[in-house]
Amino acid sequence: MKFLVHTYGCQMNVRDSEAVEALMIAAGHEKVESEAEAELVIVNSCTVRQKAEDKAVGKTGYLCSTGKMTGLMGCAVKRLGADVFKVLPKLDFAVGPRAFGMIPRIVASNPHHVLELGDDLVPEGLDAHEVKGFQAFVTVLVGCDNRCSYCIVPDVRGHEYSRPEDEIAAEVESLVRNGVKEVCLLGQSVLRYGARDGKKDAFPHLLERLCQIPGLERIRFTSAHPSGCTDELLRIYRTYPQVCRHLHLPVQSGSDRILKEMGRRYTREEYLKAVRKLRDFDPEFALTTDIIVGYPGETDEDFEATRSLMEEAGFDNSFVFKYSPRPGTRSAKLPDDVSKEEKERRNQVLLADQEARGLARNRKLVGTVREVMAEGPSKRNKARFSGRDGGNRIVVWEGEAVPGTIVPLRIVDAHAQILIGETI
Ligand code: 5AD
Ligand code: SF4
């Protein structure tokens with residue numbers, strides 16, 4: 001069949017969709033670029049906030065009405081369960097986030113209302129790739145054993161399962177043989193790799209093993225929790241230049257009271273200690289974060305604490321989300337008492353703060369030389385080339401390079417989200 005996968009949500013979902021594409025191609029199906037051409041469309045859904053779920057479900061409803069075979073995969077399926085066919089009566093099949101490996105078999109069975117929730121399965125097909133360029137995502141840990149009060153992810157993605165180190169190494173070696181230069185290792189709380197199996201520092205050790213692979217020039221990973229910023233991880237940063245000096249370290253709030261209610265298992269000070277550890281090691285270490293505004297009971301004072309934490313941490317970039325109660329989570333039992341307008345106001349304040357902070361931080365890099373991995377012509381200005389430094393900062397310059405090669409560039413100008421470079 002001619003098929004297409006539409007993806008909503010996080011990088012995990014991007015990766016799962018790619019695996020589904022590879023599995024479908026291996027089963028003899030043909031991936032097409034446009035919806036009009038497709039005989040089968042699969043929507044990979046998110047449910048982290050209600051809006052995310054509504055978007056994916058809305059799109060799926062529309063696709064069902066076109067008469068094409070339609071499937072839904074991902075987090076919203078697990079949340080909706082058998083109700084998915086009440087919401088989407090014309091849907092042909094639905095698979096949970098750990099069951100995407102079953103899709104080719106389901107498609108072959110000419111499905112009608114087939115549901116595979118997948119529970120806590122060891123997912124199949126995790127290593128299926130359709131290599132398209134020099135960058136690849138590699139899932140190392142699925143599921144999440146944290147129980148943050150607001151988060152639906154543990155309910156929908158299930159318990160943590162860390163893939164065996166040998167399997168991951170073999171996958172990365174094969175990617176590198178196929179031209180990949182940069183991998184991004186994925187896990188909801190990726191530094192917990194191996195933790196459920198009682199292994200200490202399993203993640204730094206996995207990194208060290210991957211650093212032995214010749215031709216693999218860059219290793220990134222996401223997302224992190226401050227408890228994983230161990231001395232052993234610092235040793236890996238210090239020893240291996242391939243390991244990019246960037247962490248996405250979601251903090252969610254700067255108020256100790258809210259952090260406690262959220263069950264984040266760190267205080268503001270403990271979080272900032274992890275930040276100082278990384279920045280003492282390398283002042284240019286890039287840090288990005290996620291923030292939730294309008295958590296139940298969040299006062300102006302709590303919000304100001306978040307603002308000041310963000311300034312102290314000096315985030316290079318941040319993603320701000322308005323609190324959305326998710327069914328079945330602990331915080332859903334609390335009144336969602338910060339008004340829509342106030343959530344929006346707090347969101348805007350943090351975005352403006354970040355814009356100013358990002359600009360100030362980027363300006364400090366003017367005059368420095370960054371090692372930039374070339375990606376391709378800049379999207380905004382095709383006459384320029386674009387790439388990223390180790391800190392995941394976008395750098396554009398006048399010139400050209402082979403995508404996937406590393407070019408040293410001198411930074412001559414800075415914007416909040418972009419650095420301007422010059423070849424040396
Ligand atoms: N409401 C708003 N944002 C949320 N996130 C997770 N759950 C919720 C929720 N219920 C945000 C967190 C997380 C990011 C992926 O999504 O900031 O880090
Ligand atoms: Fe990713 Fe969470 Fe959305 Fe699932 S619910 S797609 S894990 S962000």
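Every number for a ligand or one of its atoms is a count from 1 in the order of the listing.
Using a 4.0 Å cut-off between a side-chain N of Lys or Arg and a carboxylate O of Asp or Glu, Glu298 and Arg346 qualify as a salt bridge. Salt bridge Glu232/Arg235: present, at least one basic N to carboxylate O contact under 4.0 Å.
For Cys10, heavy-atom contacts with ligand 2 shorter than 4.0 Å involve the backbone as well as the side chain. When heavy-atom distances to ligand 1 are checked against a 4.0 Å cut-off, Lys322 comes that close only through its backbone atoms N, CA, C and O. Contacts between Val153 and ligand 2, counted as non-hydrogen atom pairs separated by less than 4.0 Å, involve the side chain only.
Taking atom 6 (C) of ligand 1 as the reference point, the nearest protein heavy-atom neighbour is Val48 CG2, 3.4 Å. For atom 3 (Fe) of ligand 2, the nearest protein heavy atom (residue, atom name, distance) is Cys46 SG, 2.3 Å. Counting only heavy atoms of the protein, atom 6 (S) of ligand 2 lies nearest to Asn13 ND2, 3.2 Å. Of all protein heavy atoms, the one closest to atom 12 (C) of ligand 1 is Gln252 OE1, 3.3 Å. Protein heavy atom nearest atom 4 (Fe) of ligand 2, with residue, atom name and distance: Cys75 SG, 2.2 Å. Distance from atom 5 (N) of ligand 1 to its nearest protein heavy atom, with residue and atom name: Arg49 NH1, 3.6 Å.
Every atom of ligand 2 with a heavy atom of Gln188 under 4.0 Å away is listed here by number and element: 7 (S). Near Arg326, meaning under 4.0 Å from any of its heavy atoms, are these atoms of ligand 1: 10 (N).
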CA sep, side-chain torsions, deciding dist, call: Arg268, Asp256, salt bridge (charged side-chain N to carboxylate O under 4.0 Å, His left out): CA-CA 6 Å; Arg268 172 191 177 100; Asp256 275 332; over 6 Å; no

Residue pair Asp336, Lys343: steps toward the side chain to side chain contact (heavy atoms under 4.5 Å, CB included) verdict: CA-CA 11 Å; Asp336 181 15; Lys343 282 179 186 164; 2.9 Å; yes

Side chain to side chain contact (heavy atoms under 4.5 Å, CB included) assessment of Glu116 paired with Leu121: CA-CA 11 Å; Glu116 289 289 353; Leu121 297 176; over 6 Å; no

Stepwise side chain to side chain contact (heavy atoms under 4.5 Å, CB included) check, Asp120 with Arg98: CA-CA 7 Å; Asp120 265 352; Arg98 289 168 94 125; 3.7 Å; yes

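When only interatomic distances are considered, the shortest N/O to N/O separation between Tyr150 and ligand 1 falls below 3.5 Å. Ligand 1 has a nitrogen or oxygen under 3.5 angstrom from a nitrogen or oxygen of Asp290.
Considering each of Arg157, Arg49, Lys78, Arg326, the one bringing a non-hydrogen atom nearest atom 7 (S) of ligand 2 is Arg157. Compare Ser331, Ala52, Ser324 by their heavy atoms: the one nearest to atom 1 (N) of ligand 1 is in Ser324.
Below 30°, between 30° and 60°, or above 60°: for Tyr295 and Tyr323 the angle between ring planes is above 60°, a perpendicular geometry. Relative orientation of the His248 and Phe319 rings is perpendicular, given thresholds of 30° and 60° on the angle between their planes.
Here the two rings, on His225 and Tyr266, have centers that are under 6.0 Å apart.
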